[in-house]
There are 2 protein chains.
Amino acid sequence: MVSEALTAERVLEATEEVLRRYGPSKATVVDVARALGVSHGSVYRHFRTKAALREAVTQRWLDRTSELLTPVVDDSAPAEERLDRWLTRLFEAKRHKAGGDPELFATYSVLTGDMSAVVDRHIGDLVGQLARIIEDGRREGVFASDSVGFPTEAARAVFQATGRFHDPAYAAEWSRPGIDEDFAAVRTLVIRGLRA
Amino acid sequence: MVSEALTAERVLEATEEVLRRYGPSKATVVDVARALGVSHGSVYRHFRTKAALREAVTQRWLDRTSELLTPVVDDSAPAEERLDRWLTRLFEAKRHKAGGDPELFATYSVLTGDMSAVVDRHIGDLVGQLARIIEDGRREGVFASDSVGFPTEAARAVFQATGRFHDPAYAAEWSRPGIDEDFAAVRTLVIRGLRA
DNA sequence: CAGATGACAGATTTCAATATCTGTCAGTCC
DNA sequence: GGACTGACAGATATTGAAATCTGTCATCTG
């Protein structure tokens, strides 16, 4: 064969490129096959359905954000500072993605809308990261151990309370003037709410 | 004339009925006129455009919720208790509307999507109510006066942090199991965040 | 024989014609 | 004469026939 072997990874890359070019409603499996120079039957060898292909490419996209945040979780700084940095970095990352390539961001927002399982897993990852920071903070004695429930419950509450600054549904608000002040106020409120 | 005079109020009532029956995409000015037994030209005598008619009917709908909450603001109970009740009642009211007549709720959710001015005014009303409670709490010494900014800023933060439990975009989540625990956790977190 | 192809049936989307709606206004009717 | 009508132009929505897409599979190829 002249070109490289057709792998799932190459199919995913082509899919992302096709999605970027045509958007979620017009990107077809035939387009992906065309971009790879193969027949669409070959794409179905790697992904059973179009939905499975979209799920895989979306999961990859979401996982990139989670990985961006792990350094903050594993850091050795005080928990309160890490929580602040984690929330800020999440907001920055989302805002950067949304502002840098609005069409691709909109595309993935549409995709995630049809994929509660993939999204739930991603949210689970992020809440897990938050829970680890909160657990550390309780061990340090900086965060209250009795108030908002187990670390995972507190983490869920923090995640939900800051939703306006990471949920794609609000992406349009992220470029409004005053958004930084709003974010600072919510972040402060939430962190104060965790304190001992 | 045999029937009652055609008033703006009667037009609004007919519009709500037509919206309930046909939904936001199929409800036309001609339908409203038909429901009233007049020509559509008469409807234009009371509302300059279809958009103005929809704005008026949407504002009425939103104002009904605001009015439901004023008793809690004007109550003489301690501020922290009133804040708790205000948040709970807002969530209950929204959930009740969304669950009781899902189609009409979805209809109004679509309408509000095209009406930032009306929605901003409504949010301004609600944040104003919250600010009054927070101001009282600061006067009582229960809420910190130095932390999250002026009462209006703190009120905005509280409103945004609890968005998942009043923003129609999340209506689908309000019937999920565990939502009450989630709400309790966020509510507790936020109220603790305001404390002195 | 593992991997790729392309013809095929049924589902979905596109597109252009046709129908309906919005907003105006000259004219009608108490 | 003030409230209402209905014909009208331009904008928007609906419809159904034609084109395209999804997913399968018998066949091909190196």
Side-chain angles (χ1 to χ4, degrees), chain A residues 1-59 103 106-107 110-111 113-115 117-118, chain B residues 1-59 103 106-107 109-115 117-118:
Chain A
M1 61 198 76
V2 175
S3 61
E4 287 177 68
L6 186 62
T7 62
E9 181 60 26
R10 282 190 64 217
V11 174
L12 285 179
E13 244 140 57
T15 303
E16 189 163 60
E17 180 54 27
V18 167
L19 279 169
R20 186 194 309 278
R21 238 211 287 280
Y22 299 111
S25 61
K26 287 201 202 157
T28 72
V29 176
V30 172
D31 290 329
V32 174
R34 208 179 353 250
L36 288 162
V38 299
S39 76
H40 75 280
S42 298
V43 172
Y44 280 96
R45 176 163 300 281
H46 293 92
F47 296 93
R48 285 207 331 289
T49 64
K50 183 185 185 184
L53 175 56
R54 290 183 159 204
E55 271 184 27
V57 81
T58 304
Q59 189 155 106
E103 316 221 331
T107 290
V110 170
L111 290 184
D114 304 328
M115 292 184 202
V118 173
Chain B
M1 59 198 79
V2 175
S3 62
E4 287 177 68
L6 186 62
T7 62
E9 181 60 24
R10 283 190 63 218
V11 174
L12 284 179
E13 244 140 57
T15 303
E16 190 163 59
E17 180 54 27
V18 166
L19 279 169
R20 187 195 308 277
R21 238 211 286 281
Y22 300 111
S25 62
K26 288 199 200 156
T28 71
V29 176
V30 171
D31 290 329
V32 174
R34 210 180 350 251
L36 288 162
V38 301
S39 77
H40 73 282
S42 297
V43 173
Y44 281 97
R45 175 162 301 280
H46 293 92
F47 296 93
R48 285 207 333 288
T49 65
K50 183 187 185 183
L53 175 56
R54 291 183 157 205
E55 271 183 27
V57 82
T58 303
Q59 189 157 105
E103 315 221 331
T107 291
S109 296
V110 170
L111 291 183
T112 54
D114 304 328
M115 293 183 200
V118 173

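In what follows, every heavy atom counts, from backbone to side chain, and hydrogens, waters and symmetry copies are set aside. The sequence lines fix the lettering, A, B, ..., with proteins before strands; numbering per chain opens at 1.
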Student: What is the distance from CG of A:Leu36 to C1' of C:dA4, rounded to the nearest Å?
Tutor: 13 Å
Student: Whole Å only: how far is the CZ atom of B:Phe47 from the C1' atom of D:dA3?
Tutor: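 Roughly 16 Å, once rounded to whole Å.
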Student: Any idea which heavy atoms bring A:Val11 and A:Thr15 closest together, and the distance?
Tutor: O-OG1, 2.7 Å
Student: What integer distance in Å separates A:Arg34:CZ from D:dT22:C1'?
Tutor: 14 Å
Student: Sequence neighbours left out, what pairs pass side-chain hydrogen bond (donor to acceptor under 3.5 Å, both in side chains) with at least one residue falling in residues 40-58 of chain A?
Tutor: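 As it turns out, there is no side-chain hydrogen bond (donor to acceptor under 3.5 Å, both in side chains) pair with a partner in residues 40-58 of chain A once direct neighbours are skipped.
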Student: Can you name the residues that form a side chain to side chain donor-acceptor pair (under 3.5 Å) with A:Glu103, not counting sequence neighbours?
Tutor: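 In terms of side chain to side chain donor-acceptor pair (under 3.5 Å), with neighbours along the sequence ignored, A:Glu103 is linked to no residue.
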Student: Only pairs at least two apart or in different chains count here, so list each side-chain hydrogen bond (donor to acceptor under 3.5 Å, both in side chains) that has a residue in residues 20-34 of chain A.
Tutor: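 side-chain hydrogen bond (donor to acceptor under 3.5 Å, both in side chains) check on residues 20-34 of chain A returns A:Arg20-A:Asp101, A:Thr28-A:Asp31, A:Asp31-A:Arg34.
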Student: Heavy atoms under 4.0 Å is the rule here; annotate nucleotides 23-30 of chain D 5' to 3' with B where the base is hit, S where only the sugar-phosphate is, and - elsewhere.
Tutor: BB------
Student: Just to verify, what does A:Glu17 make a side chain to side chain donor-acceptor pair (under 3.5 Å) with, not counting sequence neighbours?
Tutor: none
Student: Scan nucleotides 10-20 of chain C against the protein and return all N/O pairs shorter than 3.5 Å with their distances rounded to 0.1 Å.
Tutor:
none

Student: Within this structure, what is the OH-to-P distance between B:Tyr22 and C:dC21, rounded to whole angstrom?
Tutor: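 After rounding, the gap between these two atoms is 10 Å.
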Student: Tell me the closest heavy-atom pair linking B:Thr107 and B:Gly23, and the distance in Å.
Tutor: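 Heavy atoms only, the tightest pair is OG1-CA, 3.8 Å.
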Student: Provide, to the nearest angstrom, the distance between the CG atom belonging to A:Leu53 and the P atom belonging to D:dC21.
Tutor: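 These atoms are roughly 15 Å apart.
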Student: Between A:Ser42 and C:dT5, is there a contact of a side-chain N or O with OP1 or OP2 at under 4.0 Å?
Tutor: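 The answer is yes; a side-chain N or O of A:Ser42 sits under 4.0 Å from OP1 or OP2.
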Student: Measure across A:Leu19 and A:Pro24 and return the closest heavy-atom pair with its distance rounded to 0.1 Å.
Tutor: CD2-CA, 4.0 Å
Student: Search all heavy atoms of B:Ala56 against all heavy atoms of B:Phe47 and return the closest pair with its distance.
Tutor: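 Closest approach of B:Ala56 to B:Phe47, heavy atoms only: CB-CE2, 3.7 Å.
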